[in-house]
Amino acid sequence: MKIKLKISRYDPMGSSGYEPFLQAYDVNISAGTTVLDALHKIKDEQDGTLSFRRSCRSAICGSCAVKINGTPKLACKTQVIPEFEKHSTVIIESLSSLPVIKDLVVDFDAFWHKIHKIEPYLNPKEDDKDLKDKDGWWIIKKEDALKTDDASNCIACGCCYSSCNTMDADREFLGPAALTKAWRFIGDIREGKTRRLSKISDEHGIWSCSRCIECTEVCPKDVRPLTAIENLRSEAIKKGITDNAGVRHVEAMVDSVRKTGKLDEAAMTFRTLGFMRSIGMIPLGLKMELHGKMPLPSLFGTIEGIDEVKKIYDEIEKENLSLHAINREREEK
Amino acid sequence: MRYAYYPGCASQVITKEYSTTTKKVCQILGIGLEEMKDANCCGAGLMTDYNYELSLALNARIFAQAEKMSLDIITICSTCFMVMSRANRDLKEKPELLEKINNVLKKAGLRYSGNVRVKHFLFALIEDYGLKKLKKMVKKPLKDMKVAPYYGCHILRPSYAEGFDDPEKPSSLERLIEALGADVTHNEGKTKCCGFQIVLVTQTTAVDMIGKRLKEAKDSGAQCIVSPCPLCHISLDSYQGEAEKRTHQKLGVPVLHLSQLVGLALGISANELEFSRHLVSPEAVIMRFSD
């Protein structure tokens with residue numbers, strides 16, 4: 001069957017440079033034809049000037065990521081007919097949040113710059129008798145390997161980077177791909193003493209993720225970057241890298257639920273922002289109060305079964321000594 | 001139809017009007033809600049950042065309570081829906097994990113067998129109640145009212161947890177809006193993020209997101225937005241003034257809770273739907289449908 005493919009064309013740097021527009025091509029599609037097959041057909045048979053990246057054709061190299069009907073996908077892993085059936089159209093565009101070089105080819109410099117920022121290589125512990133056998137080999141148990149298994153499957157295609165909502169609003173955000181790469185090493189039991197975790201706890205790092213979960217949804221390799229970011233956040237708290245608004249936000253919630261069983265928005269605001277910045281929130285707070293929306297702590301109350309909640313906390317923290325130590329320290333303060 | 005009703009923390013205080021109007025709507029439709037008054041907070045995702053197992057155990061306490069009631073859980077909060085669905089899926093899929101969490105719950109005298117389902121109010125209306133039946137209950141069709149559907153994130157993603165609607169091309173809100181007699185606008189950013197989770201952490205980024213979502217809805221020609229999530233409502237309604245300051249333009253987009261839109265079509269008065277609790281008044285849009 002003939003299907004019309006609409007492809008974004010843009011040549012910002014060429015001598016014959018053209019402005020962005022959608023060009024339509026009628027292509028013969030049969031069952032199983034992938035979007036990449038169709039792009040090749042266009043380039044071979046209709047228009048040699050169309051530019052796109054591709055290499056392996058089997059969802060391994062990560063070169064051919066484009067937006068198909070608005071969602072970032074690998075062109076080689078996506079068939080044309082199901083796309084057409086679902087959306088009644090096939091629109092192929094370059095990835096978002098990265099500048100276009102030509103047509104579907106985007107500049108990955110910013111993407112790689114962020115991957116390099118997290119130092120994407122292992123800095124192993126110098127010597128660890130528990131982990132090395134007598135011949136000096138690292139012995140890694142299956143359950144330890146599994147911790148970073150998903151993260152190891154990343155093919156750096158950029159789908160998550162393109163779909164990330166924080167990235168759309170903050171181009172300096174490290175982003176789901178680089179943070180997943182960071183977890184690949186921070187979650188590795190061979191990881192030695194590094195400053196990796198502190199660096200990604202700074203501004204534009206792990207605490208800037210708005211949990212839109214687009215990354216996990218679009219990943220063609222099921223890497224689940226959000227889970228990696230959650231793991232990094234837990235790890236940062238365990239290691240005591242806690243001097244930032246992101247951690248204060250989490251701790252306020254953890255303490256609120258421990259005390260009352262509920263989430264106390266007022267305490268969350270005050271503890272996350274600190275005294276000075278909370279003052280800045282007063283005008284909005286008063287505006288909310290006019291509509292009966294001021295989240296006063298007294299309004300939240302305490303659930304009847306709070307003792308059950310406390311027992312659950314105690315039991316988990318008993319298992320998790322580092323958390324227990326952090327909380328003891330906090331309470332003493 | 002009877003559910004264990006979990007309103008979530010936000011709708012017990014800040015967005016109280018979402019919960020009270022949901023109860024009014026359900027009463028008219030004959031949907032039974034048994035409020036889980038002793039349930040704890042789901043952790044809003046932040047508990048997972050702190051400790052995954054603590055988050056699982058706290059959610060399992062909620063599930064154990066519903067199991068005792070022999071009811072499935074219904075919530076009106078997308079974030080509660082996402083957090084509970086994810087936890088529930090992990091517990092159901094990994095028996096050894098469920099066992100481990102049950103050992104924790106045992107200290108509190110509780111046990112979860114893995115037999116509860118978590119639903120969002122929107123999906124219960126569509127799947128369990130049915131739009132055909134709802135259409136018959138409409139007393140005041142919302143004729144010529146232009147509504148921008150806004151899903152946000154957690155009602156759709158991650159689809160591996162529950163997956164009621166297709167995150168690439170969702171349709172449940174559109175179908176509901178049409179069933180109530182209103183017009184659906186083409187809202188570009190309907191599945192994008194409202195920034196709520198970082199509004200206290202990196203406020204400028206969040207407010208930028210809020211501004212984008214409101215602008216997209218406005219550009220779609222909508223008179224108002226309908227939202228199935230109280231947290232999105234706080235972002236889009238309460239923080240709208242902040243977004244206006246940052247974008248140097250008047251946005252003036254009212255945001256209706258899902259229950260308020262349904263309630264209006266069912267003939268509940270504006271007064272009873274508590275629109276006065278909104279920071280951006282929807283009066284101009286809703287007055288002609290209210291007595």
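Naming: A, B, ... by sequence-line order, numbering from 1 per chain. Treat the numbers as computed from the prediction; the structure is a model and nothing was measured. Excluded from the calculations below are hydrogen atoms, water molecules and symmetry mates; all remaining heavy atoms, backbone and side chain alike, are included.
- When side chains are defined from C-beta on, A/D168 counts as touching B/K212, because their heavy atoms get closer than 4.5 Å.
- If you tally non-hydrogen atom pairs under 4.5 Å between each of B/Q203, B/R61, B/K106 and chain A, the highest count goes to B/R61.
- Of the atoms belonging to A/S208, heavy atoms from both backbone and side chain fall under 4.5 Å from chain B.
- Heavy atoms of B/H278 lying under 4.5 Å from chain A belong exclusively to its backbone.
- B/R86 has its side chain within reach of A/L226: a pair of non-hydrogen atoms, C-beta onward, lies under 4.5 Å apart.
- Only the side chain of A/R224 comes within less than 4.5 Å of a heavy atom in chain B; its backbone stays farther off.
- A salt bridge links A/K293 to B/E17: one of the charged nitrogens lies within less than 4.0 Å of a carboxylate oxygen.
- Annotation: the span from B/Y50 atom OH to A/D255 atom CG amounts to 7.5 Å, rounded to 0.5 Å.
- Counting heavy-atom pairs under 4.5 Å between each of B/A39, B/G152, B/C9 and chain A puts B/C9 at the top.
- With values rounded to the nearest 0.5 angstrom, B/C41 atom SG is found 4.5 Å from A/L263 atom CG.
- Heavy-atom distances place no part of A/L232 under 4.5 Å from chain B, backbone and side chain included.
- Looking only at side-chain heavy atoms (C-beta outward), B/M82 and A/I213 come within less than 4.5 Å of each other.
- The structure places CD of A/E308 at 6.5 Å from CG of B/D38, a figure rounded to the nearest 0.5 Å.
- When all heavy atoms are compared, the tightest approach of A/E214 to B/T191 is OE2-O, 3.7 Å.
- The two residues B/S238 and A/L284 have their closest heavy-atom pair at O-CD1, 3.3 Å.
- The two residues B/A44 and A/R211 come nearest to each other via the heavy atoms O-NE, 4.4 Å.
- In terms of non-hydrogen atom pairs under 4.5 Å with chain B, the most contact-rich of A/T216, A/V218, A/V309 is A/V309.
- The line from CD of A/E317 to CG of B/N51 is 8.0 Å long, rounded to the nearest 0.5 Å.
- When each of A/G70, A/G305, A/A169 is checked for heavy-atom pairs under 4.5 Å with chain B, A/G305 comes out on top.
- Within the 4.5 angstrom heavy-atom criterion, no atom of A/F173 approaches chain B.
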Pair A/M288-B/I14, side chain to side chain contact (heavy atoms under 4.5 Å, CB included): steps then yes or no: CA-CA 9 Å; A/M288 288 176 79; B/I14 302 184; 3.9 Å; yes
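- At most 12 heavy atoms of other shown residues, nucleotides or ligands fall within 6.0 angstrom of atom NZ in B/K37.
- For a residue to count as touching a neighbouring chain, one of its non-hydrogen atoms must lie under 4.5 Å from one of that chain's; by this rule B/P158 touches chain A with backbone and side chain alike.
- Annotation: residues 275-283 of chain A contacts chain B through A/R277, A/M281 [non-hydrogen atoms, separation under 4.5 Å].
- Looking at B/T15, the atoms closer than 4.5 Å to chain A (heavy atoms on both sides) sit in the backbone and in the side chain alike.
- Proximity of a side-chain donor or acceptor of A/E217 to a complementary backbone N or O of B/S159 within less than 3.5 Å is detected.
- Scanning both residues, A/W207 and B/V201, for their nearest heavy atoms gives O-CG1, 3.6 Å.
- Atoms OG1 and CD1, on A/T166 and B/I198 in that order, are 4.5 Å from each other to the nearest 0.5 Å.
- Among the candidates A/K287, A/H204, A/E230, A/K311, the residue making the largest number of heavy-atom pairs closer than 4.5 Å to chain B is A/E230.
- Of the possible polar contacts, one joining the A/N165 side chain to the B/C193 backbone as a donor-acceptor pair under 3.5 Å is found.
- In terms of heavy-atom pairs under 4.5 angstrom with chain B, the leader among A/R248, A/E235, A/E304, A/K310 is A/E304.
- Within a 6.0 Å radius of CD in B/E283, no more than 12 heavy atoms belonging to other residues, nucleotides or ligands are found.
- The minimum heavy-atom distance linking A/V257 with B/L58 is given by the pair CG1-CD1, 4.3 Å.
- Heavy atoms of other residues, nucleotides or ligands lying less than 6.0 angstrom from NZ of A/K221 number more than 12.
- Between the side chain of A/K86 and the main chain of B/K169, no donor-acceptor pair closer than 3.5 Å is present.
- For the pair B/L46/A/M268, a side-chain contact is recorded, criterion being any heavy-atom separation below 4.5 Å from C-beta on.
- B/T205 OG1 to A/E203 CD: the interatomic distance, rounded to the nearest 0.5 Å, is 8.0 Å.
- In this structure the side chain of A/I312 never reaches within 4.5 angstrom of the side chain of B/K107, judged on heavy atoms.
- Listed for the A/H87 side chain is no donor-acceptor partner under 3.5 Å among the backbone atoms of B/E168.
- The choice from B/G195, B/G43, B/G45, B/A57 that makes the most heavy-atom pairs within less than 4.5 Å of chain A is B/G45.
- In terms of non-hydrogen atom pairs under 4.5 Å with chain A, the most contact-rich of B/T202, B/D237, B/V104 is B/V104.
- When each of B/D208, B/N40, B/L279 is scored by its heavy-atom pairs under 4.5 Å with chain A, the top score falls to B/L279.
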